[in-house]
Enquirer: 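The structure is given below, and queries will be raised subsequently.
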Number of protein chains: 2
Amino acid sequence: MKGSGEAAKRLESFLRSRGLRLTRGRRLAVEAVEACGAHFGIEDVDAAARAKGLRVHRATIYRAVPLLVEAGILRKVSASGGDRGEYEKGLGREHHDHLLCLDCGRSIEVSSAAMEREQARLCAQHGFLAVDHQLRIRGYCAVCRSGGRPRATSGPPAPIATGAPAGRPRRR
Amino acid sequence: MKGSGEAAKRLESFLRSRGLRLTRGRRLAVEAVEACGAHFGIEDVDAAARAKGLRVHRATIYRAVPLLVEAGILRKVSASGGDRGEYEKGLGREHHDHLLCLDCGRSIEVSSAAMEREQARLCAQHGFLAVDHQLRIRGYCAVCRSGGRPRATSGPPAPIATGAPAGRPRRR
DNA sequence: GACTAATTGCGACTTTGTCGCACTTCCGGC
DNA sequence: GCCGGAAGTGCGACAAAGTCGCAATTAGTC
Ligand SMILES: [Zn+2]
Ligand SMILES: [Zn+2]
Ligand SMILES: [Zn+2]
Ligand SMILES: [Zn+2]
């Protein structure tokens, strides 16, 4: 993997710039994150670490993730609308918003320059200095609408390739 | 209070339409919600109920709130970007989005027809049938930017009038 | 290599949310 | 108004998610 090195580099320079230490725990946290799917929670990172045989304590992961966000290695999103905090990898990825399908559970990543522009206008109008934003639209995706596939009519949304790939299906 | 009756009415017709029962617990849940601030979590509703001396069990509140959402009495939002589910009252309120100030913690409610239009376009483009959406922009509000007020430079954001009024300050 | 403050591991703890089940209440029919 | 049965509630035990203080360890500096 190539992106791995990138994240590590980013972590290091971030920590340095903040006078924090580059430690084993933090490095392992990054490694664990690599093994996570498209969208995941902190517990998933912890689980991934354990699955990979990395010995890091839960608390360490919980302490590291916010740093990874600050470093830009992770991004906090709420793609699935669950009540839990969710993250996605942030390196080498443009900002995007999410269309969440209520039927199949997949989340489609989209972006629109016009939209971003409109948001900027809105902020300006209110004298608000934007730092970042999140847009999530819930509804039904093209596939599910056309009924082209046996949709998950009952039970939790089926974790198909695109949306929630690797990780365990979101619990609760 | 006048809105109170409205919510009760809404609750009743919703339950009827779904073949569910209009029960004490559900009525009390609505009553408790009335006592909540602009944005709140289920636990806040529970707390409000207790504070009001309404005897309802936690579990009942947890079971009722999702119904209130379906009934349109509540709306699920994530205004403050916390990891917890948040709600706001939904009756007689237009859809709006949130500008969340990272400094003072207030959340400013805004809406923009242009934005909504743009979102519709985006969805159409992807063959996506939108049901609802949520936009939250984080940044710094006009007041805090002008430094006109002693901003909460340390500690949790000060719960000032607009944003998180009545309820307890968000814990954690 | 020694020093010192930052970080980790750990486990106990809190908070948030869920569940099964016995008891109660609602509601439609009489 | 009263009955019967299903829906809903209270309850407490439980599970999951996240936090905290502290002693032991370790990264960075000299
Ligand atoms: Zn995404
Ligand atoms: Zn779909
Ligand atoms: Zn909107
Ligand atoms: Zn502000």
Side-chain angles (χ1 to χ4, degrees), chain A residues 8 11-32 40-50 53-71 76 78 80-87 156 167-172, chain B residues 8 11-32 40-50 53-71 76 78 80-87 156 167-172:
Chain A
L11 174 65
E12 178 166 2
S13 66
F14 166 76
L15 291 175
R16 185 174 301 277
S17 81
R18 291 267 305 247
L20 299 175
R21 291 182 183 173
L22 178 58
T23 61
R24 200 187 75 101
R26 288 165 184 168
R27 247 172 322 204
L28 293 186
V30 169
E31 224 181 295
F40 49 89
I42 300 193
E43 341 98 60
D44 294 310
V45 179
D46 182 40
R50 202 122 15 90
L54 310 175
R55 295 210 312 81
V56 219
H57 193 271
R58 224 162 17 118
T60 302
I61 301 282
Y62 274 99
R63 292 188 273 231
V65 164
L67 291 178
L68 301 196
V69 171
E70 277 197 87
K76 196 168 186 181
S78 52
S80 67
D83 292 354
R84 215 66 68 227
E86 293 175 289
Y87 300 84
R168 302 173 291 160
R170 223 103 251 297
R171 58 225 108 357
R172 306 231 141 172
Chain B
L11 174 66
E12 178 167 1
S13 66
F14 166 75
L15 290 175
R16 184 173 301 278
S17 80
R18 291 269 303 249
L20 300 175
R21 292 183 183 174
L22 177 59
T23 60
R24 201 187 75 102
R26 287 164 185 170
R27 247 170 323 198
L28 293 186
V30 169
E31 225 182 293
F40 48 89
I42 299 193
E43 341 98 60
D44 294 311
V45 180
D46 182 39
R50 202 125 10 94
L54 309 176
R55 296 210 310 81
V56 218
H57 194 271
R58 218 158 28 105
T60 302
I61 301 282
Y62 273 98
R63 293 187 272 231
V65 165
L67 290 178
L68 302 196
V69 171
E70 277 196 87
K76 195 167 185 180
S78 53
S80 67
D83 292 353
R84 216 67 68 228
E86 292 175 291
Y87 300 84
R168 301 174 292 161
R170 223 105 250 298
R171 56 226 111 1
R172 311 235 134 169

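Any value given below was found using the heavy atoms of this structure, including those in side chains, with hydrogens, waters and symmetry copies removed. Every chain is numbered from 1, with letters handed out A, B, ... down the list of sequences.
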Enquirer: How close or far is atom C1' of dC10(C) from atom OH of Y62(A), stated in whole angstroms?
Expert: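 Going from Y62(A) (OH) to dC10(C) (C1'), I get 15 Å.
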Enquirer: How close or far is atom C1' of dG28(D) from atom CZ of R27(A), stated in whole angstroms?
Expert: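 Atom CZ in R27(A) sits about 12 Å away from atom C1' in dG28(D).
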Enquirer: Closest-nucleotide mapping onto DNA chain D: is G19(B) or T60(B) further toward the 5' terminus? I mean the 5' end.
Expert: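 The residue whose closest nucleotide sits nearer the 5' end is G19(B).
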Enquirer: Minimum heavy-atom separation for A49(A) and V56(A), please, with both atom names.
Expert: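 In this case the closest contact between A49(A) and V56(A) is CB-CG2, 4.3 Å.
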Enquirer: Please give, in whole Å, the distance from dT26(D) P to L28(A) CG?
Expert: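 One finds 13 Å between P of dT26(D) and CG of L28(A), rounded.
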Enquirer: Have a look at L15(A) and tell me which of R26(A), R21(A), E70(A) forms a side-chain contact (heavy atoms from CB on, under 4.5 Å) with it.
Expert: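 With L15(A) as partner, side-chain contact (heavy atoms from CB on, under 4.5 Å) holds for just one option, R26(A).
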Enquirer: Nearest whole Å is fine: how far is dT19(D) P from I61(A) CD1?
Expert: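 Rounded to whole Å, this separation is 14 Å.
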Enquirer: Nearest to the side chain of R84(A), heavy atoms from C-beta on, is which of dA17(D), dG9(C), dG12(D)?
Expert: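 Of dA17(D), dG9(C), dG12(D), dA17(D) is nearest to the side chain of R84(A).
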Enquirer: Could you give the CG-to-C1' distance, from D46(A) to dC10(C), as a whole number of Å?
Expert: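 Interatomic distance, CG of D46(A) to C1' of dC10(C): 14 Å.
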Enquirer: I need the CZ-C1' distance between R16(B) and dG28(C), as an integer number of Å.
Expert: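 So the CZ-C1' distance, R16(B) to dG28(C), works out to 11 Å.
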Enquirer: With heavy-atom distances below 4.5 Å as the criterion, would you say the side chains of Y62(A) and H57(A) are in contact?
Expert: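 They are not in side-chain contact.
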Enquirer: Should the side chain of R63(B) and the base of dG10(D) be counted as holding a donor-acceptor pair, with the cut-off at 3.5 Å?
Expert: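 Answer yes: a donor N or O sits under 3.5 Å from an acceptor.
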Enquirer: Check this for me: does any side-chain nitrogen of one of E12(A) and R16(A) sit under 4.0 Å from a carboxylate oxygen of the other?
Expert: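 Salt bridge: yes.
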Enquirer: I need the minimum non-hydrogen distance between I42(A) and Y87(A), along with the two atoms involved.
Expert: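 Minimum heavy-atom contact is CG1-CE1, 3.6 Å.
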Enquirer: At 4.0 Å (heavy atoms only), tell me whether R24(A) reaches a base, stays on the sugar-phosphate, or touches nothing.
Expert: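 Touches sugar-phosphate only.
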Enquirer: If you look at every strand shown and take non-hydrogen atoms under 4.0 Å, does R58(A) touch a base, only sugar-phosphate, or nothing?
Expert: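 R58(A): base contact, heavy atoms under 4.0 Å.
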Enquirer: Looking at every strand, decide which applies to R55(A) at a 4.0 Å heavy-atom threshold: base, sugar-phosphate, or nothing.
Expert: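 Answer is sugar-phosphate: R55(A) comes under 4.0 Å of backbone atoms only.
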Enquirer: Taking only the side-chain heavy atoms of R26(A) (C-beta and beyond), determine which of dG11(C), dT8(C), dC26(C) contains the nearest atom.
Expert: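 Of the candidates, dT8(C) comes closest.
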Enquirer: What is the distance from CZ of F40(A) to C1' of dA17(D), rounded to the nearest Å?
Expert: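 Atom-to-atom, F40(A) to dA17(D), this comes out as 17 Å.
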Enquirer: Take the protein atom CD of E43(B) and the nucleotide atom C1' of dA16(D), then report the distance between them rounded to whole Å.
Expert: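 Going from E43(B) (CD) to dA16(D) (C1'), I get 15 Å.
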Enquirer: Considering only dG9(C), dC27(C), dC26(C), which nucleotide approaches the side chain of T23(B) most closely?
Expert: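 That would be dC26(C).
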Enquirer: Output the single nucleotide from dG28(D), dT9(D), dG17(C) whose closest atom is nearest the side chain of R21(A).
Expert: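 Among the listed nucleotides, the one closest to the side chain of R21(A) is dG28(D).
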Enquirer: Kindly point out which of dC10(C), dG10(D), dA17(D) is positioned nearest to the side chain of V56(B)?
Expert: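 Given the options dC10(C), dG10(D), dA17(D), the side chain of V56(B) is closest to dG10(D).
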Enquirer: Nearest to the side chain of H57(A), heavy atoms from C-beta on, is which of dG10(D), dC26(C), dG11(C)?
Expert: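 Output: dG11(C).
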